[in-house]
Amino acid sequence: MTNSGKYLVVIAGPTAVGKTDVAIKLAKKWNTEILSADSRQFYNEMSIGTAKPDQQQLDEVKHHFIGQLSIHDYFNVSKFENEALKLLDGLFELHDLLFMVGGSGLYIDAVCKGIDDFPDPAPELRKYLKGIYMDEGIGKLQEMLLQLDPEYFESVDINNPNRLLRALEVCHTTGKKFSEQRLSSSKTRDFQIIKIGLNLPRPELFHRIELRVDQMIELGLVEEVKRLLPYRHLNALNTVGYKEIFEFLDSKITLEQAIVNIKTNTRRYAKRQMTWFNRTDEYSWFEPAQLNEITNYLTMICK
RNA sequence: GGUGUCGUAGCUCAGUUGGUAGAGCAACGGACUGAAAAUCCGUGUGUCACUGGUUCAAUUCCAGUCGACACCA
């Protein structure tokens, strides 16, 4: 079976730019479905703070990977790659064109280009390494990595605990050097990929971010976060919009300050997203209002 | 109205015994292969309120003006 005449249209862009609306309009036009590539909208318990499509929008177009996980589930890019590919394979039997919409650059790339295959780390190992980091600091991790994988030690961002922990985890799990297994080779897919980027002039984007954060508060973000307070240690909740409200609930800051912090951190997140998307020239960029231009562009390419 | 204190980066402030200035936060730029809305790295962006004076040299000393605050009337 081949999907050579099939198209996956990626719609990426910074948070709050308006991806959801554009994707729904396009998906209706093509009478097709949407895959979300948003590492936080996966979680069922997180809705307001992740600006998930609302029920009405979900009724308009069939969405996948929205709220299908619990914050208690363990999930990662690799699982996303596998599940998304499996899903795409099935959906391409029904549709010639599918949309994948989201702001998580790494997750989008995993579906489009694949990532190297590593065994899942044992949870105890991850806990053990984290413990070493907590007790003995980053210097110890650096020391360990230098021993196990000097090549990666040379190239890695040496002050980044997540990178060091990950490399050590792979070395221990596989008994081989991380650098030897990290091929960064690009897999090819049997479907065509079209990448569309949505962006706005920065002042406009920032304005939209402010409005959206205020709206989240009105919709009851504080209540949503309050319910999740017992699970604050979970990775899914280490997220803009949630961690700031946790601080407010701790009485460390006022609600006003928490709101200001969410806005600031969301702006910075948007900036990091753009840095990611800008490293390739594979995206064709549009403003969200250019629906006709996008439609024409897609029609032209998909002939 | 009088007296005093203050006016330095977008914000909060430090500092220069006279040689045009630096922290935190914000901002800006970047990295990124199983935590990615995560994590990490880099960059100081300035009429030192304004106008004069003294001086080789003033953001610093002096005078005046404006503004803020406090106290006294």
Side-chain angles (χ1 to χ4, degrees), chain A residues 12-17 19 36-43 46 48-52 69 71 73-84 102-123 125-127 129-130 133 138 141-142 152 155-170 173-174 178-187 202-203 206 209 212-213 216 221 225 233-245 253 257 260-280:
Chain A
T15 189
V17 78
K19 298 185 290 295
S36 170
D38 185 304
S39 72
R40 289 301 186 267
Q41 292 186 357
F42 296 153
Y43 298 103
M46 303 164 72
I48 299 173
T50 60
K52 260 185 207 158
L69 288 177
I71 52 172
D73 294 331
Y74 173 69
F75 199 66
N76 61 46
V77 219
S78 177
K79 287 179 189 291
F80 181 70
E81 178 194 4
N82 293 329
E83 291 187 18
S104 304
L106 179 66
Y107 282 64
I108 292 172
D109 286 356
V111 172
C112 296
K113 302 177 177 174
I115 52 176
D116 293 323
D117 215 21
F118 295 106
D120 274 345
L125 176 61
R126 184 165 276 200
K127 207 178 280 177
L129 291 169
K130 183 79 184 278
Y133 171 52
I138 196 151
L141 299 184
Q142 292 167 346
Y152 189 63
S155 64
V156 74
D157 187 356
I158 214 72
N159 294 316
N160 190 330
N162 287 6
R163 297 270 139 74
L164 301 182
L165 287 168
R166 172 63 185 154
L168 289 170
E169 177 179 288
V170 172
T173 307
T174 61
F178 183 51
S179 55
E180 282 173 8
Q181 307 170 76
R182 199 165 156 277
L183 307 171
S184 303
S185 54
S186 193
K187 293 176 198 158
R202 194 170 279 190
F206 284 7
I209 287 173
R212 197 172 71 171
V213 173
M216 286 175 178
L221 180 62
V225 178
H233 59 281
L234 294 173
N235 176 251
L237 293 172
N238 183 193
T239 299
V240 175
Y242 292 80
K243 45 188 179 184
E244 297 86 353
I245 300 291
I253 55 175
Q257 191 56 55
V260 168
N261 292 353
I262 293 174
K263 290 174 179 174
T264 301
N265 289 330
T266 305
R267 285 195 297 267
R268 295 212 275 216
Y269 169 50
K271 216 147 60 73
R272 270 179 275 131
Q273 289 176 296
M274 284 311 298
T275 303
W276 182 287
F277 297 129
N278 278 149
R279 58 175 183 167
T280 94

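Here is the naming used below: chain letters follow the sequence lines, and residue numbers restart at 1 for every chain.
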A:K52/A:D38 salt bridge by N-O under 4.0 Å criterion | no
Sub-3.5 Å donor-acceptor pair from the side chain of A:K263 to the main-chain atoms of A:V213, do we have one?
-> no
Whole-Å P distance, B:A27 and B:C66 | 38 Å
Considering only side-chain heavy atoms of A:N76, which listed nucleotide, B:A38, B:G34, B:A31, is closest?
-> B:G34
Between atom CZ in A:R268 and atom P in B:A26, what is the gap in whole Å?
-> 4 Å
Does B:G7 sit syn or anti, given that only angles within 90° of 0 count as syn?
-> anti
Checking all strands, does A:D117 fall into the base, sugar-phosphate, or nothing category for heavy-atom contacts under 4.0 angstrom?
-> base
Would you mind classifying the nucleic acid contact of A:N265 as base, sugar-phosphate or nothing, using non-hydrogen atoms under 4.0 angstrom?
-> nothing
Would you say B:A35 has OP1 or OP2 under 4.0 Å from some side-chain N or O of A:R126?
-> yes
To the side chain of A:D157, which of B:C41, B:A36, B:A35 is closest?
-> B:C41
Kindly indicate whether a cation-pi arrangement holds for A:R166 with A:F118, taking the cut-offs as under 6.0 Å to the six-membered ring centre and within 45° of the axis.
-> yes
Using Watson-Crick or G-U wobble geometry with both distances below 3.5 Å, tell me the partner of B:U65, or none.
-> B:A49
Base, sugar-phosphate alone, or nothing: which one does A:R163 contact when heavy atoms must sit under 4.0 Å apart?
-> base
Taking OP1 and OP2 of B:U39, is either one under 4.0 Å from a side-chain nitrogen or oxygen of A:K243?
-> yes
Keeping the roles fixed (side chain from A:E169, backbone from A:P121), state whether a donor-acceptor pair exists under 3.5 Å.
-> no
B:G44 -> Watson-Crick or G-U wobble partner, both distances under 3.5 Å, gives none
Say whether, by atom type as modelled, one donor and one acceptor occur between the side chain of A:K243 and the main chain of A:L237 under 3.5 angstrom.
-> no
Can you tell me, in whole Å, how much space there is between the C1' of B:U43 and that of B:C56?
-> 36 Å
Please report, rounded to the nearest Å, how far the P atom of B:C28 is from the CE atom of A:M274.
-> 13 Å
For atom P, what is the distance between B:U5 and B:A63, given to the nearest Å?
-> 11 Å
Nearest-nucleotide wise, let me know which of A:N159 and A:R40 is further upstream toward the 5' end of RNA chain B.
-> A:R40
Nucleotide nearest A:R166 when distance is taken to its side chain, options B:A36, B:G34, B:U39 | B:G34
Distance, P atom - from B:G30 to B:A68, rounded to whole angstrom = 42 Å
For B:U39, which nucleotide in any strand shown is its Watson-Crick or wobble partner with both distances under 3.5 Å?
-> B:A31
Checking all strands, does A:G49 fall into the base, sugar-phosphate, or nothing category for heavy-atom contacts under 4.0 angstrom?
-> base
For A:F206 and B:A27, give me the distance from atom CZ to atom P, rounded to whole Å.
-> 7 Å
Sticking with atom P, work out how far B:G10 lies from B:G67, rounded to a whole angstrom.
-> 23 Å
When we call it a touch if two heavy atoms are under 4.0 Å apart, what does A:Y74 touch: a base, just sugar-phosphate, or nothing?
-> sugar-phosphate
Measure up the A:F80 and A:F75 rings against each other and bin them: parallel (under 30°), tilted (30 to 60°), perpendicular (over 60°).
-> perpendicular
For B:C28 and B:C71, measure between their P atoms and round to the nearest Å.
-> 41 Å
Interatomic distance, A:K79 NZ vs B:A35 P [rounded to whole Å] = 11 Å
Does the side chain of A:T264 pick up a donor-acceptor pair with the side chain of A:R267 at under 3.5 Å?
-> yes
Integer angstrom distance from the P of B:U20 to that of B:U65 = 31 Å
Scan every strand shown for a Watson-Crick or G-U wobble partner of B:A57, both distances under 3.5 Å, and answer none if you come up empty.
-> none
Send over the distance from A:Q273 CD to B:C32 C1', rounded to a whole Å.
-> 14 Å
Just how far, in rounded Å, is P of B:G34 from NZ of A:K113?
-> 16 Å
Any side-chain N or O of A:N235 less than 4.0 Å from the OP1 or OP2 oxygen of B:A36?
-> yes
Closest to side chain of A:T275, choosing from B:C32, B:A36, B:G34 | B:C32
When you get a sec, tell me which of B:A36, B:G34, B:A27 is the closest nucleotide to the side chain of A:S104?
-> B:A36
Classify the nucleic acid contact of A:D120 as base, sugar-phosphate or nothing, counting any heavy atom under 4.0 Å across all strands shown.
-> base
Reckon A:F80 touches a base, only the sugar-phosphate, or nothing at all at heavy-atom distances under 4.0 Å?
-> nothing
Closest nucleotide among B:A27, B:G34, B:U39 to the A:T264 side chain = B:A27
Integer-rounded Å distance: B:C32 P and A:N162 CG | 15 Å
Face-on cation placement of A:R279 at A:W276 ring, 6.0 Å and 45° thresholds = yes
Nucleotide forming a Watson-Crick or wobble pair with B:U3, both distances under 3.5 Å = B:A70
If each of A:F118 and A:R202 is mapped to the nucleotide of RNA chain B with the nearest heavy atom, which maps nearer the 5' terminus, i.e. the 5' end?
-> A:R202
Hey, does the side chain of A:Q41 reach the backbone of A:T50 with a donor-acceptor pair shorter than 3.5 angstrom?
-> yes
B:G10 - base-pair partner by Watson-Crick or wobble geometry, distances under 3.5 Å | B:C25
Atom pair distance, as rounded to whole Å: CD1 in A:I115 and P in B:C32 | 15 Å
Look at all strands and tell whether A:L165 reaches a base, only sugar-phosphate, or nothing, counting heavy atoms closer than 4.0 Å.
-> base
With rounding to whole Å, what would you report as the distance between B:A35 and B:A21 at their C1' atoms?
-> 42 Å
Does OP1 or OP2 of B:C32 have a side-chain N or O of A:R272 closer than 4.0 Å?
-> no
Could you work out which one of B:U39, B:A36, B:A26 sits closest to the side chain of A:N238?
-> B:U39
